J.: 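My questions will all concern the structure given below.
Quick caveat: nothing in here was measured; it's all calculated off a predicted structure.
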Amino acid sequence: MTADGPMIAGGRPGPARPGPEHGRLDRIEVTGIRAWGHHGVLAAEKELGQQFVVDVTLHLWTAPAGRTDALSRTVDYAEVAAAVAEEIGGDPHDLVETLAESIATRILTDTGHPLVRRVGVRVHKPAAPVGRPVGDVAITIERDAAPIPAVLALGTNLGDREAHLVGALELLAGTDGIEIAWTGPVLETAPVGGPDGQGAYLNSALGVLTALGPFELLEAAHRAERAARRERLMRWGPRTLDVDVITYGELRSDDEELTLPHPRAHQRAFVLAPWHAARPTAELPGHGPVAALLTATADRDSLAPGPALTGFDRS
């Protein structure tokens, strides 16, 4: 990207490792969550209440947590159980279908957001008044999280720079769970800081809508770098390709591997300028409008139009 350091979000990737195929996520199951609720069509059900039992299945990529033993990289299932119990004991619904939907929504938009990308909810109503003896009445639903808008930055100053950018865009566009929403123009920039003697960089930015979790998206970025034979021989040295996660929705993260928003993006014209060209009213979470940030960057005068490449400069 530029010579002031790899703009990899939060640090250096480890050894090459495959990411998950979207749709084949890991699962955390929390079963038998019991609480008293007042859900039912009959007036007596709302007045007296009864016990409900809920099982939830959380679909997410657990490898980042497994590699580091860090709770921050997975879902706290104690919090999930507490949230489910609150939903059971909350405002009464006529239908268990509605209760199941409220639980799924709570997990996908609050307790499990954004790591949980799919949730299964099974609500049991063992005392349901169905007019004859039954062992249980249950409903099972499965819901997907809404796609997340994210911004990525691309940069290269080694080898066939144009091919590296086009290849990265094609790889990302072909990744299951990633949809390219817009791409900025390609700009040429002078190196900023780092070792002397580096060549100029080609940079751009792109927006995606993604069904991937934040660490899955980071792994997709790393796969694009590996495809360009990215080597980390010198800190802040020249590179065939950087692909950095700049934002992931409104998520704030201080994780050492994935700091969000990217900690230096607000100071870098080579990130902000192509982003602003494609989305003039965009804002960088925690820092404000991209347009205003761009005017304050020290490297703004080093920007020059780059080549017109297939797939770029499409808003």
J.: Kindly write out the residues that satisfy side-chain contact (heavy atoms from CB on, under 4.5 Å) with Asp91, not counting sequence neighbours, or none if the list is empty.
T.: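 Residues passing side-chain contact (heavy atoms from CB on, under 4.5 Å) with Asp91: none at all.
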
J.: So how far is it from Thr105 OG1 to Ile103 CD1, rounded to the nearest 0.5 Å?
T.: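 Output value for this atom pair is 10.0 Å.
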
J.: Can you list, pair by pair, the side-chain donor-acceptor contacts under 3.5 Å of residues 37-47, counting residues two or more places apart and other chains?
T.:
from, atom 1, to, atom 2, distance (Å)
His38, ND1, Lys46, O, 2.8
His38, ND1, Gly49, N, 3.4
His39, ND1, His93, N, 3.0
His39, NE2, Ile88, O, 2.7
Glu45, OE1, Val41, N, 3.2
Glu45, OE1, Leu42, N, 3.1
Glu45, OE2, Gln50, NE2, 3.1
Glu45, OE2, Lys125, NZ, 2.7
Lys46, NZ, Gly40, O, 2.3
Lys46, NZ, Asp94, OD1, 2.4

J.: When you measure from the side chain of Asp255 to the backbone N and O of Glu257, does any donor-acceptor pair fall under 3.5 Å?
T.: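 A pair under 3.5 Å: yes.
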
J.: When you measure from the side chain of Thr247 to the backbone N and O of Gly249, does any donor-acceptor pair fall under 3.5 Å?
T.: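 Side chain of Thr247 to backbone of Gly249: no pair is present.
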
J.: Please check: side-chain N/O of Asn157 versus main-chain N/O of Arg239, any donor-acceptor pairing under 3.5 Å?
T.: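 Yes; judged by distance alone, with no hydrogens or angles, the pair exists.
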
J.: With side-chain contact (heavy atoms from CB on, under 4.5 Å) as the test, would you mind laying out the steps for Leu154 and Phe312 before giving the verdict?
T.: CA-CA 11 Å; Leu154 312 179; Phe312 287 90; 3.9 Å; yes

J.: Which value, rounded to the nearest 0.5 Å, describes the distance between Glu216 atom CD and Asp176 atom CG?
T.: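 Between atom CD of Glu216 and atom CG of Asp176 there are 10.0 Å.
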
J.: Just to verify, which of Pro214, Ser72, Pro64 counts as forming a side-chain contact (heavy atoms from CB on, under 4.5 Å) with Leu115?
T.: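 The side-chain contact (heavy atoms from CB on, under 4.5 Å) with Leu115 is passed solely by Pro214 among Pro214, Ser72, Pro64.
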
J.: Treating Thr297 as the side-chain partner and Asp299 as the backbone partner, does any N or O pair qualify as donor plus acceptor under 3.5 Å?
T.: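 No.
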
J.: Kindly confirm or rule out a cation-pi arrangement of Arg27 over Trp61, judged by NZ or CZ under 6.0 Å from the six-membered ring centre and within 45° of its axis?
T.: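 Output no; distance or angle outside limits.
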
J.: Please name all residues satisfying side-chain hydrogen bond (donor to acceptor under 3.5 Å, both in side chains) with Ser102, sequence neighbours left out, ordered by chain then number.
T.: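 Residues passing side-chain hydrogen bond (donor to acceptor under 3.5 Å, both in side chains) with Ser102: Glu87.
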
J.: Excluding sequence neighbours, so at least two apart, what forms side-chain hydrogen bond (donor to acceptor under 3.5 Å, both in side chains) with Asp136?
T.: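 Applying side-chain hydrogen bond (donor to acceptor under 3.5 Å, both in side chains) to Asp136 gives His124.
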
J.: Using 0.5 Å steps for rounding, measure from the CZ atom of Arg73 to the CG atom of Leu60.
T.: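 Answer rounded to 0.5 Å: 13.5 Å.
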
J.: Indicate, with yes or no, if Leu158 and Phe270 share a hydrophobic cluster defined by side-chain heavy-atom contacts under 4.5 Å among Ile, Leu, Val, Met, Phe, Trp and Tyr.
T.: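 Result: no, two separate clusters.
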
J.: How far does CG of Leu284 sit from NE2 of His276, to the nearest 0.5 angstrom?
T.: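 Answer for the CG-NE2 pair, Leu284 versus His276, is 13.0 Å.
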
J.: How would you list all residue pairs meeting side chain to side chain donor-acceptor pair (under 3.5 Å) that involve residues 178-188, not counting sequence neighbours?
T.: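 Non-adjacent pairs meeting side chain to side chain donor-acceptor pair (under 3.5 Å): Arg161-Glu188.
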
J.: I'd like to know if the side chain of Ser204 and the backbone of Gly184 have a donor-acceptor N/O pair within less than 3.5 Å.
T.: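 Yes; at least one donor-acceptor contact below 3.5 Å.
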
J.: Remaining members of Val137's ILVMFWY cluster at a side-chain heavy-atom cut-off under 4.5 Å?
T.: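 Members alongside Val137: Val130, Val134.
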
J.: Any side-chain to backbone donor/acceptor pair from Glu283 onto Val290? Under 3.5 Å, distance only.
T.: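 No, Glu283 side chain to Val290 backbone: no donor-acceptor pair under 3.5 Å.
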
J.: Can you spot which of Leu25, Val56, Val75 makes a side-chain contact (heavy atoms from CB on, under 4.5 Å) with Val116?
T.: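 Single pass found, and it is Val75.
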
J.: Is it the case that the side chain of Asp55 and the backbone of Gly32 share a donor-acceptor pair, with hydrogens and angles ignored and the cut-off at 3.5 Å?
T.: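 Yes; judged by distance alone, with no hydrogens or angles, the pair exists.
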
J.: Which pairs, with at least one residue in residues 304-315 and sequence neighbours excluded, count as a side chain to side chain donor-acceptor pair (under 3.5 Å)?
T.: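 Every candidate side chain to side chain donor-acceptor pair (under 3.5 Å) pair involving residues 304-315 fails, so no pair, neighbours aside, qualifies.
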
J.: Sequence neighbours left out, cut at 3.5 Å: what donor-acceptor pairs do the side chains of residues 138-151 make with other protein atoms?
T.:
from, atom 1, to, atom 2, distance (Å)
Thr140, OG1, Arg122, NH1, 2.5
Arg143, NE, Glu101, OE1, 3.4
Arg143, NE, Glu101, OE2, 3.1
Arg143, NH2, Glu101, OE2, 2.5
Asp144, OD1, Arg118, NE, 2.7

J.: Assess, by modelled atom type and distance only, whether the side chains of Thr62 and Asp26 contain a donor and an acceptor separated by less than 3.5 Å.
T.: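 Their side chains do contain a donor-acceptor pair, which is all the 3.5 Å distance test asks for.
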
J.: Applying salt bridge (charged side-chain N to carboxylate O under 4.0 Å, His left out), name anything that partners Glu86, two or more places apart in sequence or on another chain.
T.: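 Testing Glu86 for salt bridge (charged side-chain N to carboxylate O under 4.0 Å, His left out), a comparison that skips the adjacent residues, returns Arg106.
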
J.: Is a side-chain donor or acceptor of Thr240 paired with a backbone partner of Ala228 at a separation under 3.5 angstrom?
T.: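 Checking the backbone N and O of Ala228 against the side chain of Thr240, a donor-acceptor pair under 3.5 Å is found.
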
J.: Return the set of residues passing side-chain hydrogen bond (donor to acceptor under 3.5 Å, both in side chains) with Thr57 (not counting sequence neighbours), or none when no residue passes.
T.: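 Thr57: no side-chain hydrogen bond (donor to acceptor under 3.5 Å, both in side chains) contacts found.
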
J.: Thr74 side chain to Leu71 main-chain N or O, any donor-acceptor pair under 3.5 Å?
T.: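 Between the backbone of Leu71 and the side chain of Thr74 there is no qualifying donor-acceptor contact (under 3.5 Å).
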
J.: Are Val208 and Leu171 connected in a single hydrophobic cluster, I mean Ile/Leu/Val/Met/Phe/Trp/Tyr linked by side-chain heavy atoms less than 4.5 Å apart?
T.: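 No; Val208 is not reachable from Leu171 via cluster members.
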
J.: Can you tell me how far apart OG1 (Thr189) and CG (Leu303) are? Round to the nearest 0.5 Å.
T.: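 Nearest 0.5 Å value for the OG1-CG distance: 7.0 Å.
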
J.: Does any pair with a residue in residues 284-310 pass ring-ring contact (aromatic ring centres under 6.0 Å, His included), and if so which ones, sequence neighbours excluded?
T.: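 Pairs touching residues 284-310 that pass the test: His266-His287.
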
J.: side-chain hydrogen bond (donor to acceptor under 3.5 Å, both in side chains) with Asp160: which residues, sequence neighbours excluded?
T.: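 Scan of Asp160 (side-chain hydrogen bond (donor to acceptor under 3.5 Å, both in side chains), adjacent residues dropped) gives none.
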
